Structures are given as structure tokens and as C-alpha cells.
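Beneath this line is the structure, given in C-alpha cells, with notes to follow.
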Protein chains: 4
Amino acid sequence: MINVTIWNENLHERSNEEVQKVYPEGIHGAIAEGIANDDFEVHTATLEQLEHGLTQDVLDRTDVLLWWGHRGHEMVADEIVDRVHQRVLDGMGLIVLHSGHFSKIFKKLMGTSCDLKWREADEKERIWVVDPAHPIAAGLGEYFELEREEMYGEHFDIPKPDELILVSWFEGGEVFRSGCTYHRGNGKIFYFRPGHETYPTFYNRNVLKVIANGIRWAAQDGAVKPVYGNHKPLEEIKVK
Amino acid sequence: MINVTIWNENLHERSNEEVQKVYPEGIHGAIAEGIANDDFEVHTATLEQLEHGLTQDVLDRTDVLLWWGHRGHEMVADEIVDRVHQRVLDGMGLIVLHSGHFSKIFKKLMGTSCDLKWREADEKERIWVVDPAHPIAAGLGEYFELEREEMYGEHFDIPKPDELILVSWFEGGEVFRSGCTYHRGNGKIFYFRPGHETYPTFYNRNVLKVIANGIRWAAQDGAVKPVYGNHKPLEEIKVK
Amino acid sequence: MINVTIWNENLHERSNEEVQKVYPEGIHGAIAEGIANDDFEVHTATLEQLEHGLTQDVLDRTDVLLWWGHRGHEMVADEIVDRVHQRVLDGMGLIVLHSGHFSKIFKKLMGTSCDLKWREADEKERIWVVDPAHPIAAGLGEYFELEREEMYGEHFDIPKPDELILVSWFEGGEVFRSGCTYHRGNGKIFYFRPGHETYPTFYNRNVLKVIANGIRWAAQDGAVKPVYGNHKPLEEIKVK
Amino acid sequence: MINVTIWNENLHERSNEEVQKVYPEGIHGAIAEGIANDDFEVHTATLEQLEHGLTQDVLDRTDVLLWWGHRGHEMVADEIVDRVHQRVLDGMGLIVLHSGHFSKIFKKLMGTSCDLKWREADEKERIWVVDPAHPIAAGLGEYFELEREEMYGEHFDIPKPDELILVSWFEGGEVFRSGCTYHRGNGKIFYFRPGHETYPTFYNRNVLKVIANGIRWAAQDGAVKPVYGNHKPLEEIKVK
């Protein structure tokens, strides 16, 4: 059983009628329903909750955390960001969705600006698999399409991904590294591009498949626990 | 259920008394017993068998192939190497052990000489985990030791590993990239260093754990099947 | 001074009037003129020449070899391919252009099928820089366009590039990893996508800039020369 | 001409007689003298200076910044760290030496704890080249030795290096990824392990060669300048 916590700032859904219609249960609600699965124990948390719903206890019980944020990035308390950061280094998986690219936690883990190009123009996005052997792509076709999405374009200012799995094509002339993995400490991180709040992206079965695959990939048992600091030499070798 | 085929040239075991004592059932037999597991269906194959035991049918049913060879590299028929190569590109996992670094199949997949330094001097090897989040390291300590092994030293002439998981330290002054992964086509490849025929390495529980982890990592369901060749454009875009 | 040898099969140019008009001096001739530079000593070689113009002596004097081939891949002698392969491992740079993706030498160095999707439809290609810090991208804008090119699309069956520098967008809906680097042995390899024989791609100043940058990147002085085989231990450590 | 600024906290040298004897001109002074070269314009800066000697003007004129710190990590003002961070993303090279692994700037760029094992026991370090084609290794032998150094051991909690060039062997049983490169934004970063303040490491000609090579590698002309934010589509494609 993998314990999944879906974090969503849940701001657009409560203030914008258009978004409300698309996501009446919030983006977190749509994802929770879409990935429901006998292997996942799914909970949600939102910005407005005490400690943004991310108490130490919640994080300690979370195997994989999903993160959707946009307007509220600056409203996330630094203390909570530091707590999530530490849990990732300790082994919690993290899946950062769409506009989460600019979240404090993603920027802190990446060390770069995480900036990009964007355009809202109801464009078609075609997401190509460039690493067909990767478990996050399991069950997909060679590509899948989203009829309307916000465009994100290169240059995407991230560290070189450990693995590049998906590359998006946009109607208006851009490409984007849309599925990227990283190890940071004992934690596995997956950035996945689509998911603008005005489109029904999180009901798309391919998007949900990628997210579910990402969760399985990011969860782990038995990670090695490194010890840091002063270390003794091999006994049988006489260090001068 | 993961179908595992352990291929061993099985030459030293039949011609060298010292090796026979260490591996009375052959290296393949020791590994087969050591990784026995409800999730694995394990078979073995050896050089002397018809088609080296690697018929198209056997390969088609194999999810992950293990490869141990040394003296007999040149005795492996090119036709069989091509067949294994194609199966790897089509998605079969491949775990190359120790002296398999010089096998035809590994060199064909790597594109380099795969050469290295070596020394047989009963040295201690300490194998360090450098990527603690990787599933192939699951359940290990920060390092494990083999009291006596053949030394392999850098430079190891391989392509940059997709992932570097293990680095060996040798008593006599060398280091070695001992656990390396690659994707080639739809196949996942794991090179794992230890396993000289005169040492009881394949009875070591950490070695067996790494091999079993490697098998789980290399096996896959639902890999994307790319189509190559002439491709039609998006219908709604008029290509001039 | 960097010694550059531009190899071209030079078949289309001599048999197809359309290509002849675009490249009256051959693709090799156009590149040679386009990259002419005080730092480069440029020579050309073609398939029809004795030993395809790639004698041991020529290769020994070559710092960076460029390779354009298409129809004649199978006409390149295996012996010459082995010779080029060895020179790359020994430190010669190699720049593989466009349809050279299917050349014997590239496939031998990559270990994969190197297959891809393609379409000849006079489409626009937009080549985006995804690693702006890389010297091969120096002096480019964020992207550059080729008004008409052959489409190459993912999945491109290559090993994960050591560095991914350029990603192409095509009008008809595809993306492609168009600028990829690899180290193989002591040699540096750069694959660069554009360059179909019926388009004036090799007169484009951005294409020429990338090729010239690639040559500077792939050339090297002072590479470490590894020694392989039996290796002595540290003297002061007594190996048992 | 490459403008190099060597930053050193310069604390041990002024408070510890042993260090003073080894580095009477400070670690920065020793490096400055050791890498002196017609291609480098070298300046130094230290913690005690106004703005730690790293004014905006100094950074703007710096092509490559070297960083040695240890005891004074916490004394470096966050404002200066942010300034250096921004300059790296904008294209300044950064070479982090030894205990600089725990500097604020390195941790901010890496996003991990950057922790490691260590031991001060006058041990021999043998630094092996694992990527002989890399320009940072140019002119080295297959390995070089430092008779006495502080040990740093794995696990080193860093992101997977873009390139791993050097791996250290230590007498007491450890290994370490000692030469690692990263791109972050437009900046190139090189971490180089040796350099404990009580040893004459920065007079060693191989160490100086690696540092000088690193400076040449990290300096750049003509980097692409990405533009972020709202982006217009291709004109000739009608976005619905």
C-alpha cells in the first residue's frame, strides 16, 4: 500500500467560476478520484488548512506527495517548505504538477529559477514518449494528445533531468521537457507538465496513468540510509 | 511472475577443480538457488547447449537474462548475440555479471571496448552505494564487503552510465564503477561487477540481493512500442 | 589548428539533378566552405575514393570527422567502419549529420537501432536550445528555423544522450532530440539532425555555426590515455 | 582573457599557526600563484572584506569564481549568496573546492544537504580519472596521488552529476565522487574535492592543473540568453 497525499492550493477552484465548473471537487479531488486504486491510500491537503495540511505527522506517513500550486506559491510558509524538503531528502517521493514548477519546494530542490515560456491559447499539446522503457511511460502509446492546454515552452530553467521521459509539442511552435525525474537525497522527484486549471486535463486517462505510474516509481521500500560525519577507517589497515 | 534465464558459459566449473569446489552446481546453479523467490520463474542455459540454450523461443519467454562469461566469449555464435541484442532492444532486461564485461553482447550494446584493469590477489572489495534512492540498492547497508575478490579498476571503458549506483574500493588502490544501468531501446541493462569464479561471491547475501533487485528493476510490463519509418502529419495542420 | 575531415557518400549529388542544383560542390563541399575558418584545416573524403578516403593515415591526422551518408550506408566496408570506430575510441571527434543516424559507424557506437520516424513534406523545423550553457549552442538565439526540412520524429532509438542540447519542433506534430552528445572511449560524438539533401540546410548560418561549435567541442588536446589489463597494487599496502 | 575571482574565507590561515605555515599567503594566494597564466586575469576576495569582496561589480566582471570556505559558512550574508546564485544562473562559472561542499551557495545550487563522511588521518588519496575524454582531465595521468589529505567518503548527498570525472580512493576504505560538473541556468559548476587547509594540496601541480582546466571549462562566450514569460505563437499557424 502506497500512502499518497495530494496537495493543492485550491485557490482558483474557489474564486473562479470557470475553474469551479471544471473541477467542482478541486484539482486534488479530481486526481484523487482518477488515481483511486487498491494499491494507493489517498489523502488530500490544501493551503488553507492548518500548516497547509502538511503536519510532520502527515508527511511522515506520506510515501508520495503530489503538488499543484500557482497563485498561492508565496503563501506557503517557509517552515512548511523546509519540512517537505527534509522529508524528500529522507525518502518521500514528490510529484510536481504543471504550475508547481514555480513552487518554493520545487525551486529549493532544483536550485534554479525554474522559469519557462507560457501562453494561454487553447492549443493542442502532443506529448511524446522519448524513453519508452521507463516505468512512468508504461501503458502509454507513443504519444498522447490534450486538445486544449496552456503552452509551456523552452527554455525550461531546470537542472538536467536524471531521466527525460516526455517531450511536448505545441501547436504554436514550442517544445517542452514535460516529464523529468530527479533523485534528491533519498527522495525521487517527478515533474509532469500538463494541468492548467481551466482545462479538464486531470480527467484525461493518459494523464492519470502517468501520475499513477509516477507514484509507483517514486514510492520506495528499503532505501539505504546513509550516515554522515566522522567515519572510522578499515581496522586492518594501519592508517599512519 | 518474472521469467529469469541465467546464462553461464560453464567452462571453468568443468575444467578447474578449484572452481568446481566453489560452484559444484555451476555459477548459474548457485545464482538460481540464491535468488529463488516466489516472484521469479528461474531457468538456466549454458554455452554447450544447442544454440547456447538461447533459442528464439527461450528468449521470447525471458523477461530478464543474466550473463556470466569469461573464457568462452569468442565461442558464442554471432547469430545468437544478434538474437539476444534484438530481444534487449525489444524489451528484455539484461544483467551482465563480472567478466561478462567483455562478452560480445555487452560490447555490442555499449559500443566501446569495455576494457578495464584487473588483478587477482585475494583482495578485499568494499562496494559503496552512491545512489541510495535507487531500487537496485534497496535493503543494502551503506556498503558491503567481499573479503576476497578479483580487482577490477578504472578506467572502465563504458559509456557514461544512465545511473551509477555502486562504486567499489579495492585494497590495492583502485576504484571501479561496479553497478551501472543503461536503457537500450526498450531493454534495461544492469552491469554488476563482482563474481570471479574462484570466490564464493554468488553465495553472498548482499550480492544476491543486488542481483534480485536488478531483476525486478529490469523486468517490465507495458513498455511503449515505438513505430519507426514514414509518419503522417497532424490532420488539421496543412503541411504545405 | 583543428584538422577536420568531412566525409560524404556523395551519391545523391551525382545522380539527382535536384540535389546537384542545391549542392553543386557536394554536401561536403558546401560544409567545407561554410565552416572555413583560420582555426580549421579542412579536408574532404568520399565513398568512391580508395578506402573511402579514410586511410589509417588520414584518420590519424584527423581531429574531428564529419559524416554524411544515406543511400550508401551498406556500401561502406566493415573494415573501414572498424578503423573509424577504433580512432573514435582513441580520441578522434565524430560529428554525425542527419541521415548518418543509420550509418554503420553510428549504430556501432550507439549499440541501438538508431531508428526514427520521418516524413518528406517541406515542413518548417524549429530547433530549440534546451541547454543554453553548452558551448555547442554558443552564439545561437533561443531557437532557429529551417523553412523546409525533412521531418525526423521520436522515438529516436539512441542511448540517453550524455547531453541534450537541441530539440526540434516540426509543423506536422513531431519533436526530435536534434543535438546530442556522447563520450565513447576517448572520443567525443555529436549527433546533429538537420541536413536533407534536397534542402539548402548546409548553407544556413545557424546550422554552420552549430557544426563549427561541434568541431571545437569534439576536438581535444591532452586526453588521458588509460592503460588496461593487469595492474600492480600500491606498493606500501601489503596485499595478502 | 578569463577573469577569475578566487574567494576564500581566509579564517584558518589567520588563526591557526599550522595552516599559516602551509599557506602564508592564504589558500587564495597559493591558488592565485599556482594558476597564474597569460589567459587568466586573477583577483582574490575574502570574507572579511566589504560585501565579502563580492560586490555586484566584481561579480559582473568575473567569468569564473572559485570558492573555498569551511568555518565561516554561516558568516556569509544571505544577500551575497543570492547575488552569487543569480550570477551563476546568468552565466558565471563556479568552482567549489573541498569544504565548500557545505557552503550556502553550493547547497542552494544543489538543493540537497551536500553532506558526506570525513576523517582527518593523514591518509593517502588516489584520484582516478573515470572520464578521460573530459577537458577537465586534460594533461593528467590515469590517476594522481596526494600523500596526505583529509578523507571525504560516500554517500555524498549531491544531485547526480551531469558529468563525473574523478573518483577518489582513500587508504582507510572509502571512495568519493571528487570531480563533478553541473549546469545551472547559464552557469557551469565544477566541484573538486581536495584541499584541506593543513595540507599543501594547493601547491600540487595536478591539483592546480585540474583547477586551471576547470576554469577554462567553466568560462564561456556567447551563451544563449533565454527569455521567459508570455510567448507568441508562430504567425502562420492560426491558433484557435
Side-chain angles (χ1 to χ4, degrees), chain B residues 111-117 119 123-134 137 140-147 151-181 191 193 233-240, chain D residues 111-117 119 123-134 137 140-147 151-181 191 193 233-240:
Chain B
T112 55
S113 75
C114 299
D115 213 340
L116 47 73
K117 290 185 172 54
R119 178 174 60 239
E123 282 167 85
K124 182 194 285 278
E125 174 176 16
R126 214 186 228 193
I127 301 181
W128 287 91
V129 175
V130 300
D131 187 355
H134 201 283
L140 296 177
E142 291 193 278
Y143 64 83
F144 64 95
E145 293 185 352
L146 299 169
E147 282 310 305
M151 182 282 288
Y152 276 8
E154 295 284 345
H155 176 246
F156 183 19
D157 185 24
I158 46 171
K160 185 170 86 159
D162 290 1
E163 298 167 308
L164 176 63
I165 306 165
L166 304 167
V167 174
S168 288
W169 173 98
F170 289 96
E171 210 170 335
E174 291 82 10
V175 297
F176 196 75
R177 289 169 292 170
S178 282
C180 301
T181 72
Y191 176 80
R193 193 214 80 82
L234 262 176
E235 287 173 35
E236 68 267 46
I237 291 194
K238 298 274 195 323
V239 173
K240 282 159 288 202
Chain D
T112 55
S113 76
C114 300
D115 213 342
L116 47 75
K117 291 184 171 58
R119 179 173 60 238
E123 284 167 83
K124 180 194 286 278
E125 174 176 16
R126 214 188 228 196
I127 301 181
W128 287 91
V129 176
V130 300
D131 186 356
H134 200 284
L140 296 177
E142 290 192 277
Y143 65 84
F144 63 94
E145 294 184 351
L146 299 168
E147 281 310 307
M151 183 282 290
Y152 276 9
E154 295 284 344
H155 175 244
F156 183 19
D157 185 24
I158 46 170
K160 183 170 88 161
D162 289 0
E163 299 167 309
L164 176 64
I165 306 166
L166 304 168
V167 174
S168 287
W169 173 98
F170 288 96
E171 209 170 333
E174 291 81 12
V175 298
F176 196 75
R177 288 170 292 170
S178 283
C180 301
T181 71
Y191 176 79
R193 196 213 77 84
L234 262 177
E235 288 173 35
E236 67 267 44
I237 291 193
K238 298 274 193 325
V239 173
K240 284 160 287 205

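Predicted model only: the values in this text are computed from it and were never measured. Order of the sequence lines fixes the chain letters, A, B, ..., with proteins taken first and strands second; residue numbering starts at 1 for each chain. Heavy-atom basis, side chains included; hydrogens, waters and symmetry copies ignored.
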Legend entry - Residues which pass side-chain contact (heavy atoms from CB on, under 4.5 Å) with D:Ser113, listed by chain and number, not counting sequence neighbours: A:Leu89, D:Asp115, D:Asp157
Legend entry - Part of B:Glu154 lying under 4.5 Å from any heavy atom of chain D: both
Legend entry - Part of B:Phe170 within contact of chain D (heavy atom distance under 4.5 Å): backbone
Legend entry - Contact winner vs chain D - B:Ile158, B:Leu164, B:Val167, B:Val129, heavy-atom pairs under 4.5 Å: B:Val167
Legend entry - Geometric cation-pi criterion, B:Arg177 with B:Phe156: 6.0 Å, 45°: no
Inset, instruction - Would you please test D:Phe176 and D:Leu116 for side-chain contact (heavy atoms from CB on, under 4.5 Å) and show each step? - result: CA-CA 9 Å; D:Phe176 196 75; D:Leu116 47 75; 3.7 Å; yes
Inset, instruction - Could you list all the salt bridge (charged side-chain N to carboxylate O under 4.0 Å, His left out) pairs where at least one residue sits in residues 159-169 of chain D, not counting sequence neighbours? - result: none
